Amino acid sequence: MSISATTAETETAVEPVKKASGKTLWLLAPGVIWMLLFLVTPILMMIYVSFWTQTTFKITPDLTIKSWVTFFTTDTYLSALWTTIRIWLIVLVSTLVVGYPAALYVGLFVKNKTIQTALLVLCVIPFWTSFLIRVLAWRPMLGKEGAINLILQGLGIINQPIEVLLFSELSVIIGMTQIYCVFMVGPIAFMMGRIDQSVIEAAQDLGAGFWRIFRTIILPLTMPGVVVGAIFVSVMVLGEFATAAALSGRKVNLLGNIIVTQVGSLKWAFAAVVGVVLTVLMGIVVAALLRVVDLRKEL
């Protein structure tokens, strides 16, 4: 075969590759433009505004680190940062503790697909109402004369109402756990449904008990669902402000509440500082969770 013929064949093979790469770029363009306009640009603008000079009555684009220094040297704001992290960890664990058994039951023990669907729909029913209604609905449940205290007193378990149930950090955790638990149940139940039942049956035939099957088969295979649910819950809890304001009586101050307060006071620079800190915190959490399981391979 001559060199010219070989060169011609190579060029012929390269042309479809170039066409395919060109089509790929055109297909990626809308998504890339969207991400640049509505994700990258706002984040860069927020970082830029965080260095503006903020005075009592106005804000000027003169760059300074005064707002950053104020955040990291004020006990109130640092306390809000640690409170946000603490409540996020507690809610993440509580949604996993409540959501995993529910997903395990729906995805593994319920064999009828219709019943499975019905149970998952029941989990989503609260989302048919307003978020604010779901939050405020906990007040008559957790109050001194609320349903929980009345039931406990009626059963003789307590003699006096439990006051810590409402307008406290506990009430915020209870409210967030109920609101965001479904975001943990959904992904885990989805992964449960992908488990091949013949694998579990084979383990049972070999004499493995439930806990060993759970530890060696079910848990590893459902870890991608756990990670996805944890990402959903983490992003929403870290950005929370409404639940804390409504159920804690403004006793619990999260980073989201500080942003709302600063924006309401027209202190854009300091609000941008808190926003950047919160964005970095979310990024670290999501990156850490993605290192647990390679979702691109598992899903």
Side-chain angles (χ1 to χ4, degrees), residues 24-89 91-92 131-132 135 172 176 179-180 183 227-228 230-246 248 250 252-292 295-296:
T24 302
L25 291 175
W26 279 109
L27 291 172
L28 290 175
V32 172
I33 293 172
W34 179 274
M35 295 292 285
L36 288 174
L37 289 177
F38 298 104
L39 179 63
V40 177
T41 302
I43 290 176
L44 292 177
M45 189 62 191
M46 183 170 61
I47 295 173
Y48 176 53
V49 172
S50 70
F51 290 99
W52 285 10
T53 300
Q54 179 79 62
T55 60
T56 305
F57 300 105
K58 67 177 182 178
I59 181 173
T60 57
D62 300 323
L63 301 185
T64 178
I65 62 170
K66 185 177 179 180
S67 297
W68 285 92
V69 173
T70 301
F71 180 86
F72 286 106
T73 57
T74 305
D75 292 338
T76 301
Y77 303 129
L78 291 178
S79 176
L81 174 60
W82 302 129
T83 300
T84 301
I85 295 174
R86 183 177 65 254
I87 289 181
W88 158 66
L89 287 172
V91 173
L92 183 61
F131 173 84
L132 189 59
V135 172
V172 176
M176 287 187 181
I179 292 169
Y180 299 121
F183 293 100
V227 171
V228 171
I231 291 173
F232 287 162
V233 172
S234 298
V235 170
M236 287 181 287
V237 170
L238 288 172
E240 258 280 12
F241 65 93
T243 305
S248 73
R250 301 192 182 277
V252 176
N253 208 20
L254 305 180
L255 290 180
N257 299 108
I258 292 177
I259 293 175
V260 172
T261 302
Q262 296 299 318
V263 169
S265 302
L266 301 181
K267 296 181 179 179
W268 304 103
F270 195 80
V273 170
V274 183
V276 172
V277 172
L278 190 55
T279 303
V280 171
L281 179 59
M282 288 183 182
I284 293 172
V285 169
V286 172
L289 289 170
L290 290 176
R291 291 184 66 87
V292 176
L295 295 179
R296 289 177 296 180

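Just the heavy atoms: all of them, side chains too, but no hydrogens, waters or symmetry mates, feed the values below. Note that the coordinates shown come from a computational prediction; the quantities given were computed from them, not determined experimentally.
- Contact of the Leu92 side chain with the Ser234 side chain is registered, since non-hydrogen atoms from C-beta on lie closer than 4.5 Å.
- Counting only heavy atoms from C-beta outward, the side chains of Ile231 and Leu290 approach each other to under 4.5 Å.
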Residues 27-50, side-chain donor-acceptor partners within the protein, below 3.5 Å, at least two apart:
| residue | atom | partner | partner atom | Å |
| --- | --- | --- | --- | --- |
| Thr41 | OG1 | Leu36 | O | 2.5 |
| Ser50 | OG | Ile47 | O | 2.5 |
| Ser50 | OG | Trp68 | NE1 | 3.2 |

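- In this structure Ile65 satisfies the side chain to side chain contact (heavy atoms under 4.5 Å, CB included) test together with Phe51, Val69, sequence neighbours excluded.
- Two residues are said to be in side-chain contact when any heavy atoms from C-beta on lie closer than 4.5 Å; Phe270 and Gln54 fail this criterion.
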Donor-acceptor contacts, no H, no angles, side chain residues 254-265, under 3.5 Å, sequence neighbours left out:
| residue | atom | partner | partner atom | Å |
| --- | --- | --- | --- | --- |
| Asn257 | OD1 | Leu254 | N | 3.0 |
| Asn257 | ND2 | Phe241 | O | 2.9 |
| Thr261 | OG1 | Asn257 | O | 2.9 |
| Ser265 | OG | Thr261 | O | 3.1 |

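- One distance of note links NZ of Lys267 with CD1 of Ile59; it measures 11.5 Å at 0.5 Å rounding.
- Not counting sequence neighbours, the partners of Ala242 by the side chain to side chain contact (heavy atoms under 4.5 Å, CB included) test are Phe131, Glu240.
- Thr83 has its side chain within reach of Ile87: a pair of non-hydrogen atoms, C-beta onward, lies under 4.5 Å apart.
- Put simply, the side chain of Trp52 does not reach to within 4.5 Å of the side chain of Thr60, judged on heavy atoms.
- Applying the salt bridge (charged side-chain N to carboxylate O under 4.0 Å, His left out) definition to pairs two or more places apart or across chains, those involving residues 61-87 are Arg86-Glu169.
- The shortest heavy-atom contact between Val252 and Ser248 is N-OG, 3.2 Å.
- Panel note: side chain Thr74, backbone Thr76; no donor-acceptor pair is recorded below 3.5 Å.
- Partners of Ile85 by side chain to side chain contact (heavy atoms under 4.5 Å, CB included), not counting sequence neighbours, listed by chain and number: Leu81, Trp82, Trp88, Leu89, Leu281.
- Proximity of Asn253 to Tyr77: side-chain heavy atoms (C-beta onward) are nowhere separated by under 4.5 Å.
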